[in-house]
Asker: 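Let me begin by handing over the structure; questions about it come next.
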Amino acid sequence: MKTIGISANILTDQAGMFPGYKRCYVNQDYIRSIVKQGAVPMVIPITDNDDIIEAQIRQVDALLLSGGQDVSPQLYNEDPQDKLGETLLARDVFDFKLIEKAKERFIPILGICRGAQVLNVFHGGSLFQDTSYRQIQSLRHWQPTNPTEKTHEIRVFPNTRLSALFPEGRFYVNSFHHQVVNQLAEGFRVMAQSNDGVIEAFESESYPYMVGIQWHPEMLWHENSMDALFKDFVDQIERR
């Protein structure tokens, strides 16, 4: 069976028996989205050991970069601005190494929300540290409740991978982010935007499969609307 590595995060307990205790975790929705497509999910815990990271990537057939904290602005040569949220540089460095090792093996790479932003920054792009720093007014990209509610529309560009999967061209998505792509890295092309011009999806122009998705398709695993996206991702393993 195909094995999908899912990058993990670190959860720090805020209460309970061990406040401050750190745990490895990913949201269960990522697991369910992969299992639904008949693949095996494997959580990849954060480490700073290069040999272990290389061994981790050797165990998987594709890499899914999950969501989480803000990407540290020092990675795109900016100082932190007032509305920057929580960052975790150790995770940024880990995700960078995962991408590096995954590219060496030419395995499919899918980045979701923060994962998409990490892909962009790794390849030389930059981010707006908050939507309020854009020059034009933004839609609300952070919905406070109900992760399965689709709150704003996106427009899919023609002649892209996404347009083949979603030929209707426009649809609504859920949204949980306050950072967005500023400068898209060289070698990527936009696949979809929201109506305020925020880049909602992009793909590599040269790598066999490297896709960034800004919304949270994994949270919609219980319905069929995002099945085509995850099926396409898993299917790339056999097409390598």
Side-chain angles (χ1 to χ4, degrees), residues 2-12 22-37 39-48 52-53 56-57 59-72 75 85-103 105 107-123 125 127 141-143 147-148 173-181 199-204 207 209-222 226-227 229-234 236-237:
K2 307 161 189 172
T3 301
I4 311 297
I6 305 172
S7 64
N9 203 348
I10 294 175
L11 177 67
T12 303
K22 298 185 184 301
R23 304 177 186 271
C24 168
Y25 89 103
V26 298
N27 288 338
Q28 189 70 11
D29 289 335
Y30 293 105
I31 307 296
R32 289 167 171 159
S33 297
I34 296 304
V35 169
K36 189 176 183 182
Q37 299 307 319
V40 178
M42 181 180 293
V43 177
I44 307 178
I46 296 174
T47 177
D48 60 0
I52 291 177
I53 295 172
Q56 288 171 327
I57 288 295
Q59 303 302 311
V60 302
D61 301 307
L63 174 63
L64 194 163
L65 298 165
S66 63
Q69 299 93 336
D70 288 359
V71 180
S72 174
L75 297 174
E86 178 188 3
T87 60
L88 182 59
L89 186 59
R91 188 182 180 198
D92 296 333
V93 172
F94 175 68
D95 283 353
F96 269 34
K97 291 179 180 178
L98 286 179
I99 296 168
E100 177 186 344
K101 297 303 181 183
K103 289 181 67 176
R105 292 190 57 219
I107 63 175
I109 304 173
L110 172 63
I112 293 178
C113 197
R114 167 200 155 86
Q117 296 169 3
V118 166
L119 276 176
N120 183 50
V121 173
F122 175 89
H123 290 93
L127 306 174
H141 287 269
W142 182 272
Q143 58 190 76
T148 62
V173 299
N174 55 354
S175 194
F176 299 93
H177 62 99
H178 79 109
Q179 293 195 317
V180 296
V181 171
I199 295 173
E200 292 283 342
F202 57 83
E203 63 180 334
S204 172
Y207 192 82
Y209 182 97
M210 187 182 297
V211 167
I213 301 293
Q214 185 59 75
W215 70 93
H216 277 274
E218 82 286 355
M219 290 181 171
L220 306 174
W221 69 271
H222 64 290
M226 292 294 123
D227 283 0
L229 176 65
F230 285 104
K231 183 179 186 303
D232 183 55
F233 172 48
V234 172
Q236 298 309 309
I237 296 169

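Only heavy atoms go into these numbers, but all of them, side chains included; no hydrogens, no water, no symmetry mates.
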Asker: Check for a donor-acceptor pair, side chain of Q117 on one end and backbone N or O of G67 on the other, with a separation under 3.5 Å.
Answerer: no
Asker: Taking the side chain as every heavy atom from C-beta outward, state whether F233 and P108 have any pair of such atoms under 4.5 Å apart.
Answerer: yes
Asker: Is there a side-chain contact (heavy atoms from CB on, under 4.5 Å) between I34 and V40? Walk through the geometry before answering.
Answerer: CA-CA 7 Å; I34 296 304; V40 178; over 6 Å; no
Asker: Would you name the heavy atoms of G5 and I44 that are closest together and state the gap between them?
Answerer: CA-CD1, 3.7 Å
Asker: Decide if atom NZ of K101 counts as having more than 12 heavy atoms of other residues, nucleotides or ligands within a radius under 6.0 Å.
Answerer: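 Above 12, so yes.
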Asker: Locate the shortest heavy-atom distance separating V26 from S7; write the atom from each residue and the value.
Answerer: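 Closest approach of V26 to S7: CG1-O, 3.4 Å.
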Asker: Any idea which heavy atoms bring A201 and I213 closest together, and the distance?
Answerer: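 Result for this residue pair: CB-CD1, 3.8 Å.
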Asker: Donor-acceptor pair, distance only, cut-off 3.5 Å: does the side chain of Q143 make one with the backbone of S175?
Answerer: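 Yes, the answer is positive, given that a donor and an acceptor are paired below the 3.5 Å cut-off.
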Asker: How many angstroms lie between CG in L98 and CG in L64, if you round to the nearest 0.5 Å?
Answerer: 11.5 Å
Asker: F94: which residues meet the ring pair (Phe, Tyr, Trp, His ring centres under 6.0 Å) condition with it, sequence neighbours left out?
Answerer: none
Asker: Do the side chain of R105 and the main chain of A62 share a donor and acceptor less than 3.5 angstrom apart?
Answerer: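 No: the side chain of R105 does not pair with the backbone of A62.
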Asker: Could you walk me through whether K103 and H123 pass the side-chain contact (heavy atoms from CB on, under 4.5 Å) check?
Answerer: CA-CA 12 Å; K103 289 181 67 176; H123 290 93; 3.0 Å; yes
Asker: With rounding to the nearest 0.5 Å, note down the distance linking CD in Q236 to CD1 in I109.
Answerer: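 Separation between the atoms: 12.5 Å.
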Asker: Go through it in stages, so that I can follow the logic: the residues are Y30 and H216, the test is side-chain contact (heavy atoms from CB on, under 4.5 Å), and I'd like the CA-CA distance, side-chain angles, deciding distance and then a yes or no.
Answerer: CA-CA 10 Å; Y30 293 105; H216 277 274; 3.9 Å; yes
Asker: Rounded to the nearest 0.5 Å, what's the gap from NZ on K231 to CD on Q37? Could you check?
Answerer: 7.5 Å
Asker: Let me confirm one number: the CH2-OG1 distance from W221 to T148, rounded to the nearest 0.5 Å.
Answerer: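 One gets 11.0 Å once the value is rounded to the nearest 0.5 Å.
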Asker: Could you verify whether a donor N or O on one side chain and an acceptor N or O on the other, from H177 and Q179, lie under 3.5 Å apart?
Answerer: no
Asker: What is the minimum heavy-atom distance between N174 and W215, and which atoms define it?
Answerer: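 Here N174 and W215 meet closest at O-CB, 3.0 Å.
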Asker: Is there side-chain contact between Q214 and F202, with at least one heavy-atom pair below 4.5 Å?
Answerer: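 When only atoms from C-beta onward are counted, F202 and Q214 do not touch, as no gap falls below 4.5 Å.
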Asker: Does a side-chain heavy-atom distance below 4.5 Å link V93 with D48?
Answerer: no
Asker: Can you check side-chain contact (heavy atoms from CB on, under 4.5 Å) on I57 and I107, steps first, answer last?
Answerer: CA-CA 9 Å; I57 288 295; I107 63 175; 4.3 Å; yes
Asker: Can you tell me how far the CD1 atom of I4 sits from the OG atom of S33, to the nearest 0.5 Å?
Answerer: 11.5 Å
Asker: Do you know which two heavy atoms are closest between L127 and V181, and how far apart they sit?
Answerer: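 Smallest heavy-atom distance, with atoms named: CD2-CA, 4.0 Å.
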Asker: Which residue, D92, N9, D70, forms the side chain to side chain donor-acceptor pair (under 3.5 Å) with R114?
Answerer: D92
Asker: How long is the gap from CG on D29 to NZ on K36, to the nearest 0.5 Å?
Answerer: 11.5 Å
Asker: If you look at every heavy atom in C24 and V43, which pair is closest and at what distance?
Answerer: SG-CG1, 4.2 Å
